[in-house]
Amino acid sequence: MVDHGRYSVRCFGPLEVRAPDKAPVRFRDRKAASLFAYLICHPDRPHPREALAARFWPDSADRAARNSLNTALSSLRKALGPDGAHLLH
């Protein structure tokens with residue numbers, strides 16, 4: 001487990017994220033969890049939305065992939081709450 005400013009994150013093996021109160025963070029679906037794991041494991045590089053959309057929704061049209069990305073990011077923000085927003089930047 002790695003402590004990311006009060007959040008604990010385990011990326012090896014099953015993804016496990018715990019909030020500051022030690023409650024598990026529940027993701028909307030596996031795609032959102034995968035997106036979170038990718039972002040948290042690559043914190044020091046820019047992540048253009050177009051590249052993320054293409055990486056995670058390669059079989060979707062550009063617009064549909066961007067919409068799916070926006071939905072996934074919104075669900076991540078909701079799951080992490082206001083104290084976890086820094087994990088996505």
Side-chain angles (χ1 to χ4, degrees):
M1 285 264 187
V2 176
D3 186 339
H4 285 278
R6 300 184 303 180
Y7 278 76
S8 298
V9 179
R10 183 179 71 182
C11 290
F12 297 101
L15 176 65
E16 182 179 325
V17 182
R18 295 206 174 262
D21 65 359
K22 305 299 182 208
V25 173
R26 303 278 183 223
F27 296 104
R28 178 176 177 241
D29 55 30
R30 291 180 63 116
K31 189 74 77 160
S34 295
L35 176 61
F36 176 79
Y38 179 81
L39 293 172
I40 204 75
C41 288
H42 300 95
D44 297 328
R45 66 165 82 155
H47 301 287
R49 286 179 180 256
E50 296 80 15
L52 290 173
R55 175 180 293 275
F56 285 93
W57 291 274
D59 297 329
S60 297
D62 290 346
R63 186 179 183 122
R66 284 192 309 272
N67 287 340
S68 295
L69 175 63
N70 288 338
T71 299
L73 288 171
S74 177
S75 75
L76 289 179
R77 287 186 201 97
K78 184 176 180 180
L80 295 168
D83 291 335
H86 70 281
L87 297 173
L88 299 177
H89 296 283

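Just so it is clear, the model here is predicted, and its values are computed rather than measured.
Rounding to the nearest 0.5 angstrom, the gap separating the OG atom in S8 from the CD atom in E16 is 8.5 Å. Taken from NZ in K31 to CG in L76, the straight-line distance is 13.0 Å, to the nearest 0.5 Å. The CG atom of L39 sits 10.0 Å away from the CG atom of L87 when rounded to the nearest 0.5 Å. Rounding to the nearest 0.5 angstrom, the gap separating the CG atom in L69 from the CZ atom in R55 is 12.5 Å.
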Does the pair L35 and F27 meet the rule for a side chain to side chain contact (heavy atoms under 4.5 Å, CB included), with working shown?
-> CA-CA 10 Å; L35 176 61; F27 296 104; over 6 Å; no

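Annotation: side chain of S34 is in contact with side chain of F56 (closest heavy-atom distance under 4.5 Å).
In terms of modelled atom types and a separation under 3.5 Å, the side chain of Y7 and the main chain of L80 share a donor-acceptor contact. Using modelled atom types, one side-chain atom of T71 and one backbone atom of N67 make a donor-acceptor pair closer than 3.5 Å.
Closest non-hydrogen pair, A32 versus S75, comes out as CB-OG, 3.8 Å. The two residues V25 and R18 have their closest heavy-atom pair at CG2-C, 4.3 Å. Closest approach of A33 to L15, counting heavy atoms only: O-CD2, 3.4 Å. Contact between H47 and H42 at its shortest, heavy atoms only, is NE2-O, 2.7 Å.
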